[in-house]
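Here's the structure we're looking at; comments come further down.
Note: hydrogens, waters and symmetry copies are ignored here, and every other heavy atom, side chains too, is used. So you know, we letter chains A, B, ... as the sequences are listed, proteins then strands, and number each from 1.
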2 protein chains.
Amino acid sequence: MVPTITDLQPFTECQKKIRAIDDTMDILSGKWKVSILARLCYNPMRYSALLKDINGISGKVLSRELKELEVNELIAREVSPFRPPAVTYRISEYGLTLGALTECLPAWGLQHRERISRAGKAKL
Amino acid sequence: MVPTITDLQPFTECQKKIRAIDDTMDILSGKWKVSILARLCYNPMRYSALLKDINGISGKVLSRELKELEVNELIAREVSPFRPPAVTYRISEYGLTLGALTECLPAWGLQHRERISRAGKAKL
DNA sequence: CTGTATCCAAATAGATACTG
DNA sequence: CAGTATCTATTTGGATACAG
């Protein structure tokens with residue numbers, strides 16, 4: 001059911017929800033963050049591997065987004081002390097709490113892609 | 001458990017997931033889209049109400065994001081034929097299928113805000 | 001290998017004025 | 001009221017070179 005004007009719910013509840021959504025989106029803001037997280041959910045990756053794997057990202061942007069994810073403790077950065085240096089990024093325990101998101105985002109995307117291809121209406 | 005290098009899963013599964021995530025993020029890309037959708041989940045709103053309610057958005061950006069959401073059939077636009085014109089935006093049936101997302105985004109944001117305030121580590 | 005610094009190009013956003 | 005057009009300011013991104 002699509003809500004009507006009369007379905008209006010308490011303002012404060014909506015406001016709290018909006019703020020919480022903004023909090024989440026702030027942390028995930030950046031074109032590639034969710035994509036990086038999803039990859040790291042599968043397995044740890046080196047900087048160079050991410051750079052090669054993520055189509056279209058530049059080194060500058062990759063290192064910035066990785067740093068932001070690390071500051072928020074969603075991923076962990078591990079440096080090997082040998083030469084040449086090897087840096088591995090892996091999802092953190094806390095990053096795994098985003099699991100519900102990294103499940104429902106692709107779930108919706110899949111059904112949307114099917115819907116589009118059935119309808120042939122929009123470009124994807 | 002944080003995965004280790006040895007937990008590597010089949011490449012194709014990961015790739016499919018990444019693509020599906022990108023599909024979803026493409027449609028939700030734009031600083032305010034999720035916020036707009038969440039509001040409309042509560043009740044339909046007029047253009048001017050959204051403009052006043054969403055802190056920091058400009059008219060140009062609002063109308064563009066609304067148009068993109070409409071093209072993807074996530075919201076519906078309703079024009080009253082009277083003067084002065086009144087345009088109401090409401091969530092569509094299809095937009096409601098994003099419900100899982102508009103639930104888990106704020107859920108994570110809430111617990112994150114609590115975590116931050118406990119730790120006092122990062123700024124929110 | 002893993003970044004950072006610099007420079008420049010492109011995309012995005014805000015303000016204002018204006019139209020139907 | 002609900003936008004659009006235009007201009008300008010700011011942000012963002014890529015490429016290259018270079019450092020540790």
Side-chain angles (χ1 to χ4, degrees), chain A residues 5 18 21-22 25-37 39-40 43-92 123, chain B residues 5 18 21-22 25-37 39-40 43-92 123:
Chain A
I5 288 280
I18 298 296
I21 286 178
D22 289 343
M25 296 306 278
D26 268 1
I27 286 183
L28 299 180
S29 77
K31 202 171 169 184
W32 317 93
K33 291 232 183 80
V34 182
S35 193
I36 292 170
L37 285 171
R39 277 166 225 271
L40 296 183
N43 53 274
M45 290 176 78
R46 302 254 306 256
Y47 175 85
S48 51
L50 284 165
L51 194 57
K52 201 164 43 170
D53 201 42
I54 302 179
N55 204 280
I57 200 170
S58 74
K60 187 174 77 171
V61 174
L62 176 59
S63 60
R64 195 192 57 215
E65 303 220 329
L66 285 170
K67 202 179 296 176
E68 290 171 8
L69 289 172
E70 197 198 347
V71 165
N72 285 303
E73 299 176 37
L74 297 175
I75 63 173
R77 183 172 175 274
E78 221 166 82
V79 187
S80 134
F82 307 114
R83 300 277 322 212
V87 178
T88 302
Y89 293 92
R90 64 180 67 236
I91 195 92
S92 69
K123 61 177 180 300
Chain B
I5 288 280
I18 299 295
I21 286 178
D22 289 342
M25 297 306 278
D26 269 0
I27 286 184
L28 299 180
S29 77
K31 202 173 171 185
W32 316 96
K33 291 232 182 81
V34 182
S35 193
I36 292 169
L37 286 171
R39 277 166 224 272
L40 297 184
N43 52 274
M45 291 176 79
R46 304 251 308 251
Y47 176 86
S48 51
L50 285 165
L51 195 57
K52 201 163 43 169
D53 202 42
I54 303 178
N55 203 279
I57 200 172
S58 73
K60 188 173 79 172
V61 174
L62 176 58
S63 60
R64 196 193 56 215
E65 302 218 331
L66 285 170
K67 203 179 294 178
E68 289 171 9
L69 289 171
E70 196 197 349
V71 165
N72 284 304
E73 298 176 37
L74 298 174
I75 63 174
R77 183 174 174 274
E78 221 166 81
V79 187
S80 135
F82 307 114
R83 300 277 323 204
V87 178
T88 302
Y89 293 92
R90 64 179 67 236
I91 195 90
S92 70
K123 60 176 182 299

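- Considering only residues two or more places apart in sequence or on other chains, Val34(B) meets the side-chain contact (heavy atoms from CB on, under 4.5 Å) condition with Ile21(A), Met25(A), Leu28(B), Leu105(B).
- Evaluation of the side-chain contact (heavy atoms from CB on, under 4.5 Å) rule for Arg64(A) yields Val61(A), Glu68(A) as partners, not counting sequence neighbours.
- Between the two ends of the helix from dC1(C)-dG20(D) to dG20(C)-dC1(D), each summarised by a five-pair axis, the helix axis turns through 50° (rounded to 10 degrees).
- Lys33(B) contributes atom NZ, which lies 4.5 Å from atom OG of Ser29(B) (distance to the nearest 0.5 angstrom).
- In this structure, Tyr47(B) has no side chain to side chain donor-acceptor pair (under 3.5 Å) partners at least two apart in sequence or on a different chain.
- The footprint of chain A on DNA chain D, defined by a heavy-atom cutoff below 4.0 Å, extends from dG13(D) to dG20(D).
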* Passes side chain to side chain contact (heavy atoms under 4.5 Å, CB included), Ile57(A) versus Leu50(A)? Steps please. -> CA-CA 9 Å; Ile57(A) 200 170; Leu50(A) 284 165; over 6 Å; no
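- Legend: residues meeting side chain to side chain donor-acceptor pair (under 3.5 Å) with Glu78(A), ordered by chain and number and at least two apart, are Arg90(A).
- For Ser80(B), the side-chain contact (heavy atoms from CB on, under 4.5 Å) partners at least two apart in sequence or on another chain are Phe82(B), Ala86(B).
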* Going 5' to 3' through nucleotides 5-20 of chain C, assign each nucleotide B (protein heavy atom under 4.0 Å from a base atom), S (under 4.0 Å only from sugar-phosphate atoms) or - (no protein heavy atom that close). => -B------BBB----B
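- For Tyr89(A) and dC1(C), the OH to C1' distance is 11 Å, given to the nearest whole Å.
- Side-chain contact between Leu69(B) and Leu40(B) is absent, with no heavy-atom pair separated by less than 4.5 Å.
- Distance CD (Glu70(A)) to C1' (dT2(C)): 13 Å, rounded to an integer number of Å.
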* **Verdict with reasoning, Arg39(B) to Ile18(A), per side chain to side chain contact (heavy atoms under 4.5 Å, CB included)** => CA-CA 7 Å; Arg39(B) 277 166 224 272; Ile18(A) 298 296; 3.0 Å; yes
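- Residues that satisfy the side chain to side chain donor-acceptor pair (under 3.5 Å) test with Arg46(A), not counting sequence neighbours, are absent from this structure.
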